[in-house]
Peer 1: 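Would you mind keeping the following structure in view while I ask a few things?
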Amino acid sequence: MSSTPIPYGRQWIDEEDVAAVVAALRSDWLTTGPRVAEFEQAFARFTGSAEAVAVSSGTAALHGIMYAAGIGAGDEVIVPAMTFAASANCVVYQGGKPVFADVKPDTLLLDPDSVISKITARTRAIVAVDYAGHPCDYDALRQIATDRNLLLVADACHSLGGSYKGRPVGSLAAMSAFSLHPVKPITTGEGGMITTDDPELARRLRTFRNHGITTDHRQREQQGSWFYEMTELGYNYRLTDLQCALGLSQLVKLPAWVERRQAIAARYSAAFSGLDGISSLTTHPQVSHACHLYVVRLDKQILGMNRSTAFAQLREQGILVNVHYVPVYLHPFYRRQFGTRQGQCPVVEEAYEQVLSLPVFPHMSDSEASRVIDAVKLLVEVSVQ
Ligand SMILES: *Cc1c(COP(=O)(O)O)cnc(C)c1O
């Protein structure tokens with residue numbers, strides 16, 4: 001038996017990617033050059049959006065969104081508790097308060113009823129997180145946002161390449177955030193993107209990523225001008241030309257990669273469907289699931305072992321499973337700063353005790369997928385006996 005460890009996610013870099021980055025290195029522009037706009041345009045086209053704004057990380061994308069949305073002190077933003085901390089941290093960066101909502105037990109996606117129950121006079125926006133790559137119920141969430149005059153934002157860091165009712169992820173909310181970290185659907189090392197159809201929001205985002213300065217270095221060079229003005233407080237959240245060269249090269253491969261992820265997920269689902277004590281999440285028929293994560297829930301009673309034991313046993317066999325996520329409001333920072341506590345989102349807390357993310361990534365081989373399936377089956381068989 002081969003025991004080479006199988007990571008839960010991994011980038012795929014080929015010789016075309018290497019050549020694209022080398023060409024950028026040999027060009028005149030290492031940052032804020034022509035490849036930034038090229039990558040933004042390709043990304044906008046791919047996601048069916050009018051505009052895409054490249055930034056240095058998914059976190060910077062979320063921060064930019066909260067800035068462009070005008071979130072500030074006293075404002076509340078509804079965020080699912082089952083997500084990476086950055087989905088909520090971005091609200092805090094702007095002085096706002098994240099209000100944690102619960103999720104649906106079958107998909108672990110934001111529950112529209114929980115969202116409604118969290119709305120107050122101070123609520124300004126909703127962050128929909130496409131957990132594991134499954135697009136949220138955007139029609140239901142958009143209806144709530146429209147009725148209550150709230151901004152609907154997507155944290156689409158898992159779901160690039162997915163779609164909802166035939167509409168691509170990136171075109172489903174007022175602004176959508178993407179991460180280009182190596183475990184995400186495509187990578188630029190570190191990186192992020194925001195998509196929107198609103199040119200005014202895009203303009204604010206471009207200013208924000210460049211210190212709040214209204215022109216960039218290349219624009220001034222072209223105009224033969226040195227003068228610039230800082231009109232807002234921004235950051236250096238720029239993405240380099242080297243990274244955009246890699247992103248452009250990666251993006252063309254994404255549709256095939258999503259298909260490969262979906263094929264691996266389908267094998268897992270078929271293999272686990274008859275097993276007691278382990279259940280897969282539901283995929284709704286109206287979506288194309290980007291399959292960033294393959295999450296199973298373990299039933300402690302039936303298996304006679306808790307998630308930590310299963311986690312350790314699989315990792316011992318080189319199946320490098322992971323857990324997504326610790327409920328955000330249970331992190332010490334949130335307890336201290338916002339007084340959050342155990343019991344706020346019961347569905348999220350129950351799921352957190354049970355979830356395990358199995359390896360899935362585009363260049364995973366069939367035999368690696370078989371190793372994962374066999375290891376999970378062994379876990380179930382041994383424990384049920
Ligand atoms: C990865 C991720 C982020 C943050 O992206 P970075 O590029 O790592 O900053 C935000 N939200 C979710 C749901 C993520 O998975």
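Heavy-atom basis, side chains included; hydrogens, waters and symmetry copies ignored. Numbering of residues begins at 1 and proceeds along the displayed sequence. All ligand and atom numbering here is 1-based and tracks the order in the structure.
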Peer 1: Is H158 close to ligand 1, meaning an N/O of one under 3.5 Å from an N/O of the other?
Peer 2: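 Yes - when backbone and side-chain N and O of H158 are compared with those of ligand 1, one distance drops under 3.5 Å.
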
Peer 1: Under 4.0 Å from a heavy atom of Y325: which atoms of ligand 1 are those, numbered in the order shown and with their elements?
Peer 2: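 Answer, ordered by atom number: 15 (O).
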
Peer 1: Taking the six-membered ring where the residue is Trp, are the ring centres of Y235 and F208 under 6.0 Å apart?
Peer 2: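 Yes - the distance between ring centres of Y235 and F208 falls below the 6.0 Å cut-off.
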
Peer 1: Checking Y131 against H158 for the side-chain hydrogen bond (donor to acceptor under 3.5 Å, both in side chains) test, could you report, in this order, the C-alpha distance in whole Å, the side-chain angles of both residues, the deciding distance, and whether it holds?
Peer 2: CA-CA 6 Å; Y131 178 79; H158 294 183; over 6 Å; no

Peer 1: Atom 9 (O) of ligand 1: which protein heavy atom is closest, and how many Å away?
Peer 2: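 Minimum-distance protein heavy atom for atom 9 (O) of ligand 1 reads T59 OG1, 2.6 Å.
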
Peer 1: Run T146 and Q143 through side-chain hydrogen bond (donor to acceptor under 3.5 Å, both in side chains) and show every step you take.
Peer 2: CA-CA 5 Å; T146 305; Q143 189 65 51; 5.8 Å; no

Peer 1: Mind checking whether S179 has an N or O less than 3.5 Å away from an N or O of ligand 1?
Peer 2: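 Yes; the residue has a nitrogen or oxygen that sits under 3.5 Å from a nitrogen or oxygen of the ligand.
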
Peer 1: Judging by distance only, is a nitrogen or oxygen of G58 under 3.5 angstrom from one on ligand 1?
Peer 2: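 G58 vs ligand 1: N/O contact under 3.5 Å present.
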
Peer 1: Before giving the answer on ring-ring contact (aromatic ring centres under 6.0 Å, His included), spell out for Y294 and Y8 the whole-Å C-alpha distance, their side-chain angles and the decisive distance to 0.1 Å.
Peer 2: CA-CA 9 Å; Y294 190 93; Y8 88 91; over 10 Å; no

Peer 1: Would you please indicate if the ring centroids of Y334 and F100 are separated by under 6.0 Å?
Peer 2: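 Yes; F100 has its ring centre under 6.0 Å from that of Y334.
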
Peer 1: Yes or no: does S87 have any heavy atom under 4.0 Å from an atom of ligand 1?
Peer 2: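 Heavy atoms of S87 do come under 4.0 Å of ligand 1.
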
Peer 1: What do you reckon, does D155 have a nitrogen or oxygen under 3.5 Å from a nitrogen or oxygen of ligand 1?
Peer 2: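 Among all N and O atoms of D155, at least one is under 3.5 Å from an N or O of ligand 1.
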
Peer 1: At a 4.0 Å threshold, what atoms of ligand 1 neighbour a non-hydrogen atom of L62?
Peer 2: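 So the answer, numbered in order with elements, is 10 (C).
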
Peer 1: Would V295 end up clustered with V287 when hydrophobic side chains under 4.5 Å apart are linked, directly or stepwise?
Peer 2: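 No.
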
Peer 1: Please report which non-hydrogen protein atom sits nearest to atom 14 (C) of ligand 1, along with the residue it belongs to and the distance in Å to one decimal place.
Peer 2: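 Heavy-atom neighbour on the protein nearest atom 14 (C) of ligand 1: K184 NZ, 3.1 Å.
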
Peer 1: For T83, take its heavy atoms, then give the atoms of ligand 1 lying under 4.0 Å from any of them.
Peer 2: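 Selected atoms, number and element: 13 (C).
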
Peer 1: Does the cation-pi check pass for R220 over W226, that is, NZ or CZ under 6.0 Å from the six-membered ring centre and within 45° of its axis?
Peer 2: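 Not satisfied by the 6.0 Å and 45° rule.
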
